[in-house]
Amino acid sequence: MSGGARARTHEEIRRFLAIGAVQVAELDLEGEGGSGLRPGPGSPPVTHGEVFLLVRRAGRPVGTLLTRVPEGADPRTVLEQAARAGHGRAPEHPAAGADAGTARKGRRTATDAGTPAREGRRTATDAGTPAREGRGTATGPRTAARENREDEADGGGVPYVSVVVATRERAGQLARALDSLLAQEHPRFEIVVVDNAPATGATRELVRRAYGERVRYVREPVPGLAAAHNTGLAAARGEVIAFTDDDVVADPRWLTELTAPFAADPRLGCATGLILPARLRTPAQVLLESHGGFAKGFAPTTYDPRDPPRDEPLFPFTAGRFGSGANMAFRTEVLRAVGGFDPATGAGTPARGGDDLYGFVRVLTRGHRLHYTPYALVWHHHRETWADLEAQAYGYGAGLTAYLTAILVGRPALLPAFLARLPRGLAHARALTAVRDTDGGGAPGAHGTRAHPWPRRLSRLQRRGMVYGPLGYLRARRAPGRTAGRATG
């Protein structure tokens, strides 16, 4: 690194360290007994200062806003007034928000629920069960799933769900996630923990000591998130399989809201949900959320390959718009039919990521719909340091091009469509990774505006990752053991 580049990096880090903490809270405008204000998971009670607020109506998330509670003011009164004033306006785009730069001056940024026209585009026809294709990375006990559903006939048609959590040497975080999953309101589900390439017995001991028969433990010795998810897929007994991470806290209605669309739409292959920050205590957490975080807005949206969205010219290759792996579910037979996830993708492999995006596109290109619902909420514990953020930026870039490589390797017939979209795709990638001024720090909540700060160092790392991604994927394919996950233990 040259002296000038080093100086710019140091200046960016100095600005980064000046970003202040933001409190996280939620408020229900139509809750039982009136509005209620609560801190985010693991956060202290709200006081004066900046607050990132989730607004609910009758329990359902409808928007977020960023505002300031003056010193000496009552937080509940201030935030309730801000929430009532900031809602009722639907954005033009499902993920749009107000200008991020105004938020640091105490003005609100808000997103709200709006239903795009394509939400109603449904048919009663079923795409059927596609023939097995690709590398066939997972199979599982379908007969057991049917028997389980018949044995639990009192479920009133609610799908029996397998919740898969892949983890590696993070027993403390895993316990917090499992506690929230066991508190789900959904009446019929199982939890499967996949211990990925463990170095110790801590995860196995936690599951067996603290959770017993309430949680199933399986072990996958091959490192990589996709391999771990394939092991969970092989072990799953549910007709729907949901995936989340060990660093989330799931809202009590998460599983019900995430899986309800499958009962309503027989052509639905995948559903994704809302991911919000559990805490914004460090500059890295604030800056990540300012960059867009993992949220995809507050408008329920259905993506149909038979009726591609007119405002998505890169569809379906911009899979990052559809959701993220910390909050996704699939119809189990559909995910098995497309061969599960490519084990050469995902965190823990040289590809660095992209396993979730691969799954979304595989399902869409087989003719199934994908539905995003903001009502299925998990709170995510973002990484905390500048080094974490650098690794994440590089991994995002690598995972993006690695998954595209995986898709084209697995489905060469998609190459003409990909090449036709390539010029616009390159322009989209430049916009996605563009340098934006960090003066004033981050402003979480303004998703989709591209007005948020993004330092030069992180932009460069993201672009380097994009260049590396195809090579990382090919390296991962050559690594020993990149086959279907194996359920053991």
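Below, each value reflects all heavy atoms present in this structure, side chains not excepted, and no hydrogens, waters or symmetry copies. None of the values given here were measured: they were computed from a predicted structure.
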note = Here the pair of heavy atoms bringing V286 nearest to L280 is CG2-O, 3.7 Å
Any donor-acceptor N/O pair, T349 side chain to A347 backbone, under 3.5 Å = no
message = For A58, is there any backbone N or O sitting under 3.5 Å from a side-chain donor or acceptor partner on D28?
response = yes
request  = Would you mind reporting whether R369 and R306 have side-chain heavy atoms less than 4.5 Å apart?
outcome  = no
inquiry  = I want to know whether Y358 and F341 have ring centres closer than 6.0 Å.
reply    = no
ask   = Should the pair R216-E190 be classified as a salt bridge under the 4.0 Å nitrogen-to-oxygen rule?
value = yes
ask   = Any side-chain heavy atom of L182 within less than 4.5 Å of one from I191?
value = yes
ask   = Say you draw a straight line from CG of D304 to CG of L364; how long is it, rounded to the nearest 0.5 Å?
value = 9.0 Å
Charged N-O contact under 4.0 Å between D246 and R168 = no
task = Give a yes or no on this: more than 12 heavy atoms of other residues, nucleotides or ligands lie within 6.0 Å of atom CZ of R176.
result = yes
key: D356 versus G325, closest heavy-atom pair with distance   = OD2-N, 2.8 Å
task = Tell me, with the steps shown, if L276 and L377 meet side chain to side chain contact (heavy atoms under 4.5 Å, CB included).
result = CA-CA 7 Å; L276 291 179; L377 167 66; 3.9 Å; yes
task = Assess the side chains of H382 and E289: does a donor N or O sit below 3.5 Å from an acceptor N or O?
result = yes
ask   = Going through the checks in order, is the side chain to side chain contact (heavy atoms under 4.5 Å, CB included) test met by V46 and V51?
value = CA-CA 8 Å; V46 180; V51 180; 3.8 Å; yes
task = Could you tell me the separation between the CD1 atom of I241 and the CZ atom of R331, rounded to the nearest 0.5 Å?
result = 13.5 Å
message = Checking side-chain polar atoms at under 3.5 Å, does Y372 have a donor or acceptor matched by the opposite partner on N327?
response = no
ask   = Is the side chain of S459 donor-acceptor paired with the backbone N or O of P455 at a distance under 3.5 Å, no angle test?
value = no
message = Could you measure the distance from the CD atom of E185 to the CZ atom of R253? Nearest 0.5 Å is fine.
response = 5.5 Å
query = V62 versus R56: any side-chain heavy-atom pair under 4.5 Å?
reply = no
key: Minimum heavy-atom distance L314-R421, with the two atoms named   = CD2-O, 3.5 Å
query = Any donor and acceptor pair, going by atom type alone, linking the side chain of T401 with main-chain N or O of M466 inside 3.5 Å?
reply = yes
query = So, for G323 and L357, which heavy atoms are closest and what is the spacing to 0.1 Å?
reply = O-CD2, 4.4 Å
task = Over all heavy atoms of both residues, which pair between G273 and L258 is shortest? Give the atoms and the distance, please.
result = N-CD1, 4.0 Å
ask   = So Q23 and S43, side chain to side chain donor-acceptor pair (under 3.5 Å) or not? Walk me through it.
value = CA-CA 8 Å; Q23 301 171 84; S43 298; over 6 Å; no
note = Looking only at heavy atoms, the pair that brings G395 and R352 closest together is CA-CB, 4.1 Å
query = Is there side-chain contact between L53 and L37, with heavy atoms separated by less than 4.5 Å?
reply = yes
ask   = Is the backbone N or O of G238 less than 3.5 Å from a side-chain atom of T332, with the two atoms forming a donor-acceptor pair by type?
value = yes
key: F294 and L288, any side-chain heavy atoms less than 4.5 Å apart   = yes
key: Partner set under ring pair (Phe, Tyr, Trp, His ring centres under 6.0 Å) for F317, not counting sequence neighbours   = F418
ask   = Just by distance, with hydrogens left out, do T256 and Q184 show a side-chain donor and acceptor under 3.5 Å apart?
value = no
request  = Please confirm whether the backbone N or O of A250 pairs with a side-chain atom of S180, one donor and one acceptor, at under 3.5 Å?
outcome  = yes
ask   = Is a side-chain donor or acceptor of K296 paired with a backbone partner of T272 at a separation under 3.5 angstrom?
value = no
inquiry  = Treating T385 as the side-chain partner and D388 as the backbone partner, does any N or O pair qualify as donor plus acceptor under 3.5 Å?
reply    = yes
task = Would you check if the side chain of H48 reaches a backbone N or O of D74 as a donor-acceptor pair within less than 3.5 Å?
result = no
CG on L335 to NE2 on H229, rounded to 0.5 Å = 10.5 Å
request  = Could you please spell out the steps behind the side chain to side chain contact (heavy atoms under 4.5 Å, CB included) verdict for T67 and L79?
outcome  = CA-CA 8 Å; T67 192; L79 294 175; 3.5 Å; yes
request  = Evaluate the side-chain proximity of W379 to W254: yes if any heavy-atom separation is below 4.5 Å, no if none is.
outcome  = no
inquiry  = Less than 4.5 Å apart, side chain to side chain, heavy atoms only: is that true for V192 and V215?
reply    = no
query = Does a side-chain heavy-atom distance below 4.5 Å link F330 with V363?
reply = yes
ask   = Between CZ of F315 and CG of D307, what distance do you get to the nearest 0.5 Å?
value = 9.0 Å
message = For the residue pair E390 / Y394, report whether a side-chain donor-acceptor contact shorter than 3.5 Å exists.
response = no
request  = Could you check E384 against R279 for side chain to side chain contact (heavy atoms under 4.5 Å, CB included), going step by step and ending with a plain yes or no?
outcome  = CA-CA 10 Å; E384 298 185 350; R279 293 178 294 189; 4.0 Å; yes
Side chain T373, main chain Y375, donor-acceptor under 3.5 Å = yes
query = Between the side chains of D265 and H371, does any donor sit under 3.5 Å from an acceptor?
reply = no
inquiry  = Within this structure, what is the CZ-CG distance for the pair R60 and L274, rounded to the nearest 0.5 Å?
reply    = 12.5 Å
message = Checking side-chain polar atoms at under 3.5 Å, does D355 have a donor or acceptor matched by the opposite partner on T345?
response = no
